[in-house]
Amino acid sequence: MARNRGDKEEGPEKLMGLLKLVQILSLLVIFVAGVILGLATSSHINHYFTSQAQLFLTNNIASAKLSDNNCTVVKPWEKVDFLNMERFVHPDNVIHSMTDDQVFWRASLLPQKKGYPFDRVPKVAFMFLTRGPLPLLPLWERFFRGHDQYFSIYVHNPHDYVLNVSSDSPFYGRMIPSKDVEWGSVSLVDAEKRLLANALLDFSNERFVLLSESCIPIYNFPTVYKYLIRSEYSFVESYDEPSRYGRGRYSRKMLPDIHLYQWRKGSQWFEIQRDLAVYIVSDTKYYTIFKKYCRPACYPDEHFIPTYLNMFHGALNSNRSVTWVDWSIGGPHPATYSGGNITEDFIQSIRNNGTQCSYNSEMTSVCYLFARKFAPSALVPLLSLTSTVMEF
């Protein structure tokens with residue numbers, strides 16, 4: 001009887017054991033299924049991100065769906081060399097969105113490595129600081145004709161003025177980003193630095209000459225080019241003027257940075273070599289002093305560059321200008337010549353005026369390459385003399 005009672009008690013215990021075994025097996029199956037599903041999902045995600053990375057890194061292809069057969073076709077992108085050397089050393093367009101500070105900084109970059117990694121033909125940068133129209137434009141176009149590889153042109157106009165020239169003119173598309181200029185103010189120096197900075201962006205520009213709309217060339221292009229390119233010195237008028245029109249414009253507030261004995265005066269119409277152009281656009285300290293303390297009757301355009309070069313780079317300067325100007329009438333402005341004044345003898349008198357000057361440490365009678373001021377009415381008689389007198 002005891003054995004039968006024990007058998008009855010063992011029945012429920014076996015049933016509970018089987019149920020626990022089924023639970024354990026079920027959990028094991030779920031766990032294994034989870035592991036398998038996790039591995040499959042991980043492999044899919046890995047494959048997805050790997051393929052996306054490959055698509056991202058392979059940036060020279062693009063996919064385009066064609067509507068006719070609803071398939072994806074891979075097309076190659078056109079490769080663009082954004083660091084193109086030619087475009088960097090010879091910008092083909094003067095239009096940009098840089099601020100003055102940005103273009104001054106860019107222009108101040110001076111390579112330390114000697115030589116150039118390209119075939120460099122030195123050019124003369126002709127920088128025209130104008131009040132608008134260029135009435136003597138046909139004369140300059142004739143002067144430049146046939147010498148494209150040896151010059152660059154930069155025009156600074158009033159902010160809202162558009163210079164309309166034909167597409168085959170060397171002046172076409174050469175207007176730099178400009179601002180309005182006020183005569184006698186530091187804005188004239190700003191315009192000069194703006195022209196220099198934009199011209200410095202072309203690494204082939206070696207000489208830089210500042211001109212106005214009333215300037216003319218008095219020699220042909222080959223003569224002007226050889227004279228400037230072969231010169232060992234720059235041509236900036238810089239002299240000590242003891243009168244109230246020179247030293248009288250100096251301010252003691254410029255001390256201790258600028259002393260009276262360093263103060264110089266000179267013509268605004270300069271010609272300089274590349275290294276000096278870089279120094280001028282790089283300067284902030286002395287420009288700021290002039291902007292603050294050189295105010296009418298002190299005129300920064302007549303004192304800033306002459307004084308700056310005298311202080312730091314006098315050995316590179318010839319202390320004379322290559323632009324002839326007639327101040328014989330007196331007053332704040334030079335004489336202006338109209339059509340009735342233009343004769344062969346008059347042009348020859350400018351070219352051979354009896355003066356001697358130093359050129360590469362030797363004396364010469366060729367002291368001026370340009371002249372001013374000439375009225376619009378002088379254009380036609382000047383054009384009639386280009387082939388016989390000026391030889392272009």
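Keep in mind that this is a model prediction, so the values were computed, not measured.
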Out of curiosity, [X] [atom1] to [Y] [atom2], how far, rounded to the nearest 0.5 Å?
| X | Y | atom1 | atom2 | result |
| --- | --- | --- | --- | --- |
| L136 | L382 | CG | CG | 7.0 Å |
| K123 | S204 | NZ | OG | 5.0 Å |
| Y293 | T288 | OH | OG1 | 11.0 Å |
| L195 | D190 | CG | CG | 11.0 Å |
| S365 | N352 | OG | CG | 6.0 Å |

Determine whether the aromatic ring centres of residues [Y] and [X] are separated by less than 6.0 angstrom.
| X | Y | answer |
| --- | --- | --- |
| Y279 | H313 | yes |
| Y337 | F346 | yes |
| W140 | F171 | no |
| Y227 | Y359 | yes |
| F151 | Y225 | no |
| Y250 | H259 | no |

Side chain [X], main chain [Y], donor-acceptor under 3.5 Å:
| X | Y | result |
| --- | --- | --- |
| T307 | F304 | no |
| N310 | Q262 | yes |
| R320 | F235 | no |

Quick check: do [X] and [Y] have side-chain heavy atoms less than 4.5 Å from each other?
| X | Y | value |
| --- | --- | --- |
| R194 | I176 | yes |
| L139 | F392 | yes |
| R372 | W269 | yes |
| V189 | F290 | no |
| E237 | P306 | no |
| L196 | V278 | no |
| Y287 | K193 | yes |
| S231 | N360 | yes |

Indicate the atoms forming the closest heavy-atom contact of [X] with [Y], along with that distance.
| X | Y | answer |
| --- | --- | --- |
| S234 | I272 | OG-CA, 3.4 Å |
| A107 | V281 | CB-CG2, 4.2 Å |
| S338 | A375 | CA-CB, 4.1 Å |
| V155 | S178 | O-OG, 4.1 Å |
| N205 | S152 | OD1-OG, 3.0 Å |
| S97 | Q102 | O-OE1, 4.3 Å |

Is the shortest distance from a Lys or Arg side-chain nitrogen in [X] or [Y] to a carboxylate oxygen in the other one below 4.0 Å?
| X | Y | answer |
| --- | --- | --- |
| D257 | K285 | yes |
| K179 | D100 | yes |
| E271 | R207 | yes |
| R131 | E213 | yes |

Does [X] belong to the same Ile/Leu/Val/Met/Phe/Trp/Tyr cluster as [Y], with side-chain heavy atoms less than 4.5 Å apart forming each link?
| X | Y | answer |
| --- | --- | --- |
| V209 | Y219 | yes |
| Y239 | F270 | no |
| F370 | I342 | yes |
| F208 | Y154 | yes |
| I280 | V186 | yes |

Evaluate the ring-ring contact (aromatic ring centres under 6.0 Å, His included) criterion for residues F126 and F144: first the C-alpha distance (whole Å), next the side-chain angles of each, then the deciding distance (0.1 Å), finally the verdict. CA-CA 10 Å; F126 291 82; F144 288 123; 4.9 Å; yes
Test applied, side chain to side chain contact (heavy atoms under 4.5 Å, CB included); reference residue, W324; option that passes from I218, T355, N353: N353
What class does the angle between the rings of Y150 and F221 fall in, given that below 30° is parallel, 30 to 60° is tilted and above 60° is perpendicular? tilted
Which label fits H303 and W263: parallel for a plane angle under 30°, tilted from 30 to 60°, or perpendicular past 60°? parallel
Stepwise, does the side chain to side chain contact (heavy atoms under 4.5 Å, CB included) test hold for N220 with M390? CA-CA 6 Å; N220 60 25; M390 295 177 277; over 6 Å; no
Indicate whether any N or O donor in one side chain lies under 3.5 Å from an N or O acceptor in the other, for [X] and [Y].
| X | Y | value |
| --- | --- | --- |
| S169 | E141 | yes |
| Y261 | D240 | no |
| S166 | D168 | yes |

Within 45° of the axis and under 6.0 Å from the centre of the six-membered ring of [Y], does NZ or CZ of [X] qualify?
| X | Y | value |
| --- | --- | --- |
| R264 | Y308 | no |
| R120 | Y116 | yes |
| K265 | Y245 | no |

Between R249 and E302, does the salt bridge (charged side-chain N to carboxylate O under 4.0 Å, His left out) criterion hold? Intermediate values first, please. CA-CA 10 Å; R249 296 173 178 177; E302 294 182 1; 2.6 Å; yes
Show your working on side chain to side chain contact (heavy atoms under 4.5 Å, CB included) between L309 and F312 and close with a plain yes or no. CA-CA 5 Å; L309 294 188; F312 301 108; over 6 Å; no
Could you give me the CA-CA distance, side-chain angles and deciding distance for V94 and M175, then say whether side chain to side chain contact (heavy atoms under 4.5 Å, CB included) is met? CA-CA 7 Å; V94 298; M175 283 65 71; 5.7 Å; no
